[in-house]
Amino acid sequence: MDGVTSEDWIDNARMIVDSARAIVPADGALDRIRATRFKEPGFDRAVMAEAGELGLFLMRVPEEDGGLGLGMREVCELARVLGGGLLPEPVLPAMMAASLLGPDLPEESMTGALVLTLAWQDATGDLGWQGGAADGRLSGRKVAVPGAEGAHLFAVTTSQGVALLPRDTVTITSANTLDGGKSSAITFDARADLIPCDHIQAVLQDASLAQSAYLLGLSERALDITLDYLRIRTQFDRPIGSFQALQHRATGMKISLELSRAAIFATARRFDTGADAMARARGAARCKLRAAELAMLVSREAVQMHGAMGITDEADIGLFIRKAMTEANVFGTPRALRAQLAQILDQ
Amino acid sequence: MKDLPDFNTMSDADFRALAREFVETNYPDIPRYSLSRLHWDVVKPWYLILSDHGWICPTWPREYGGMGLAAGKHLILIEEFERFGAARVNDIGPVMLGPLLLKYGTDEQKAHYLPRILSGQDVWAQGYSEPGAGSDLAAVRCEAVLDGEEWVINGQKTWCTLGMDANWIFILARTDKSVKKQAGISFLLVPMDAPGVSIRNIENLELEAEFCEVFFDNVRVPAGNIVGGVNNGWTAAKALLGHERVFIGAPRLSAAAMARLEKIARRAGIWQDPVFRDRFVALQCDLADLGDLFETYVDKLRGGQAIGADVSMLKIFQSELYQRISELMMEVAAEGSGLTNPPEGDRQLHAAATYLSARPTTIFGGSTEIMRNMLAKAVLELPS
Ligand SMILES: Cc1cc2nc3c(=O)[nH]c(=O)nc-3n(C[C@H](O)[C@H](O)[C@H](O)COP(=O)(O)OP(=O)(O)OC[C@H]3O[C@@H](n4cnc5c(N)ncnc54)[C@H](O)[C@@H]3O)c2cc1C
């Protein structure tokens with residue numbers, strides 16, 4: 001046992017989740033998500049402002065720096081809710097960027113008036129994050145930057161610290177993603193202050209865990225929708241959910257889901273109660289592996305079980321598979337994560 | 001009765017140290033790390049030592065001669081015994097019948113049978129399954145008819161684990177054919193040496209007689225040998241499952257198998273092989289996730305919460321994971337995968353032994369398919 005038995009986090013998390021209902025409707029309505037997709041910039045800045053008002057970006061900033069100083073369990077609870085609502089806004093990246101910047105976090109991005117996002121990844125399919133710092137300049141490229149098209153500020157990780165780049169110092173190249181958003185790379189070559197930061201790796205692990213929780217939430221919701229469909233759709237005079245072939249596959253999804261939930265919240269607890277660097281690396285990678293597998297499994301099974309209905313754009317379930325496909329490999333493909341874990345096997 | 005301390009007031013760390021010291025000091029000169037169940041003549045010394053110290057029935061209340069261990073402490077005990085490689089004793093009496101009698105038995109039954117389990121005087125077998133009643137356990141046909149003051153039993157039971165070592169067996173018998181099949185079943189206690197009882201050993205895939213068939217031909221037992229009331233056997237038998245289901249899903253079998261897999265891979269010279277590592281790491285993640293899921297149930301038990309039908313997820317995942325690990329072992333064992341003898345005499349490194357011993361885990365205690373059926377209905381609330 002870790003010695004810390006405080007269950008305060010449960011109350012904190014409940015409050016955070018309740019407040020998050022302002023941006024993720026409790027009834028699960030996905031109308032706004034539909035209306036936002038395939039439109040520039042791929043998300044709604046007003047929702048980011050609302051998230052700022054709610055204090056969500058300050059969750060991981062320590063209290064002495066004016067933040068809320070909350071733990072990863074609270075973050076994961078929130079991320080679950082965001083995932084269940086397929087929220088396209090870069091709330092989690094902004095929160096993680098704020099956690100990197102701490103006291104250097106600009107007031108306007110705290111409140112969401114300016115959208116801040118996180119640019120960490122050096123190359124796709126790779127977990128490197130240290131590129132960009134060169135001879136006192138900031139010069140390089142970051143890929144898979146969430147919300148880049150609508151962002152005002154970029155927190156860029158480098159081997160020498162974090163730099164805060166305003167939008168006009170970066171060049172953005174974007175491609176459309178399946179979920180109706182954008183995948184953007186940014187290139188930059190500018191003078192910028194590098195804020196020394198010794199916890200970049202840790203924040204990226206937090207971010208990866210939060211991403212896992214987002215995928216968990218997405219999967220929970222997709223499974224719920226599918227179970228409802230299995231109960232009401234009748235064929236051969238019976239609800240299709242009474243067929244064992246489908247029941248067993250549904251239980252397979254449920255097992256993967258509960259493993260994912262247990263792994264994520266146990267890992268978050270370990271993070272909150274002082275895991276060492278190795279345990280953090282392992283925990284983040286493991287949760288991300290499971291959650292990605294879960295989201296891909298549940299969303300494709302969900303489509304199959306909806307039959308032809310699942311192939312239509314009018315059925316909500318399609319939004320989930322598109323989102324899963326877009327989000328599953330963020331913070332590492334399963335192959336990259338297993339390779340990373342294999343590397344630390346003997347340590 | 002032993003004057004035992006209240007273990008539950010100890011810290012987990014202290015209790016762990018105590019359990020470790022106990023097994024290290026007291027374990028007799030019998031095999032450790034056995035993959036198959038050991039027979040009574042081999043394992044008896046260990047049973048008696050546990051019994052002498054008052055440690056044979058960890059979960060029974062102290063006033064009945066148990067250790068009165070809370071779930072979390074029980075788990076620590078199991079973990080420390082497994083770490084040492086202590087043999088599993090014949091535990092159907094301590095684990096299955098004891099708790100059932102405590103819940104449903106009369107005072108006379110408790111006073112008579114419990115001490116005899118504690119002392120090792122009675123060794124019990126479980127007689128639920130029949131050739132025609134496996135997954136569909138409620139289909140039991142073995143019949144008991146009341147004749148004056150005695151039940152007369154006719155029929156057959158099968159797959160009785162270590163039944164050849166037992167002197168008593170508890171059975172589910174049909175006592176009313178006119179009602180819904182679950183409703184007409186009673187729970188009966190039968191001495192194996194009663195006239196009309198005969199057994200036949202069954203060899204398993206490892207060519208060991210680990211279970212047997214038991215036949216009943218006009219076997220007479222006193223009317224008082226019924227537990228929980230006439231036609232109430234199904235309820236009693238099912239009520240047993242509660243806590244034990246959590247322990248069936250514990251990650252320990254898979255964890256031990258992973259340790260063996262690592263040793264086998266190192267010996268085979270492929271520990272650094274990237275393709276092997278990829279698969280090893282994937283299994284390792286599964287194991288860690290299982291551990292976290294398991295902990296959520298243990299936490300519930302610690303907090304005194306009830307465990308629901310969803311716990312079968314643990315057993316499904318654990319047993320399938322154990323099998324997947326054993327499958328990779330077989331691949332690593334390469335051309336040696338079909339050997340009957342452990343390489344270099346180390347049974348621990350014998351891939352085939354693990355592979356075979358992993359097979360029944362998805363069948364006994366509720367097959368994977370049946371558990372999925374239950375999950376679908378009870379947890380996912382899918383229609384029938
Ligand atoms: C090592 C071992 C020890 C055992 N020890 C004991 C013991 O001590 N006492 C005792 O009473 N019993 C014991 N059993 C018996 C055990 O409980 C049964 O084997 C088990 O319940 C399955 O029954 P069956 O073997 O008749 O399989 P069956 O019921 O014939 O099933 C065969 C296969 O069909 C599948 N199946 C059946 N029905 C369905 C369905 N509706 N939907 C989907 N799939 C289905 C099953 O999952 C299984 O894969 C033991 C078994 C083993 C392997």
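Every chain is numbered from 1, with letters handed out A, B, ... down the list of sequences.
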Worksheet item: What is the ring orientation for A/Tyr229 with A/His306, classed by angle as parallel under 30°, tilted 30 to 60°, or perpendicular over 60°?
Response: parallel
Response to the item:
Most heavy-atom pairs under 4.5 Å with chain B, out of A/Ser260, A/Ala266, A/Ala342, belong to A/Ala342
Discussion item. Please classify the contact of B/Phe280 with chain A as side chain, backbone, both or neither, using a heavy-atom distance under 4.5 Å.
Written reply: side chain
Fill in: Main-chain N/O of A/Leu218 paired with A/Lys323 side-chain donor or acceptor, under 3.5 Å
no
Response to the item:
Whatever's closer than 4.5 Å to a heavy atom in chain A on B/Asp286 counts as both
Worksheet item: With no hydrogens and no angle check, do the side chains of B/Ser135 and B/Glu369 hold a donor and an acceptor under 3.5 Å apart?
Response: no
Practice prompt. Name the member of A/Arg282, A/Glu258, A/Arg290 that forms the most heavy-atom pairs with chain B at distances under 4.5 Å.
Written response: A/Arg290
Item to complete: Among the options B/Leu290, B/Ile316, B/Thr296, B/Leu293, pick out the one with the most heavy-atom pairs lying under 4.5 Å from chain A.
Response: B/Leu293
Worksheet entry | Exercise: do A/Gln244 and B/Asn373 side chains pair donor with acceptor under 3.5 Å | yes
Worksheet item: By a 4.5 Å heavy-atom criterion (distance strictly below it), what part of B/Leu314 contacts chain A: side chain, backbone, both, or neither?
Response: neither
Fill in: With sequence neighbours excluded, residues passing side-chain hydrogen bond (donor to acceptor under 3.5 Å, both in side chains) with B/Arg83
B/Glu80
Worksheet item: By salt bridge (charged side-chain N to carboxylate O under 4.0 Å, His left out), which residues pair with A/Glu220, not counting sequence neighbours?
Response: A/Arg80, A/Arg261
Response to the item:
Whatever's closer than 4.5 Å to a heavy atom in chain B on A/Leu289 counts as side chain
Worksheet item: Which residues, numbered in order, of residues 375-383 of chain B come under 4.5 angstrom of chain A by heavy-atom distance?
Response: B/Leu375, B/Ala376, B/Lys377, B/Val379, B/Leu380, B/Glu381, B/Leu382, B/Pro383
Worksheet, complete the sentence: For residues 358-384 of chain B, the ring pair (Phe, Tyr, Trp, His ring centres under 6.0 Å) pairs (sequence neighbours left out) are none
Worksheet item: So does B/Asp278 pair up with A/Arg335, basic N to acidic O under 4.0 Å?
Response: no
Practice prompt. Check whether B/Ser384 gets within reach of chain A through its side chain, its backbone, both or neither, counting any heavy atom under 4.5 Å.
Written response: backbone
Worksheet item: Counting only heavy atoms not in A/Gln343, do more than 12 sit closer than 6.0 Å to its CD atom?
Response: no
Discussion item. Regarding B/Ser357 and B/Tyr322, do their side chains bring together a donor and an acceptor under 3.5 Å, going by distance alone?
Written reply: yes
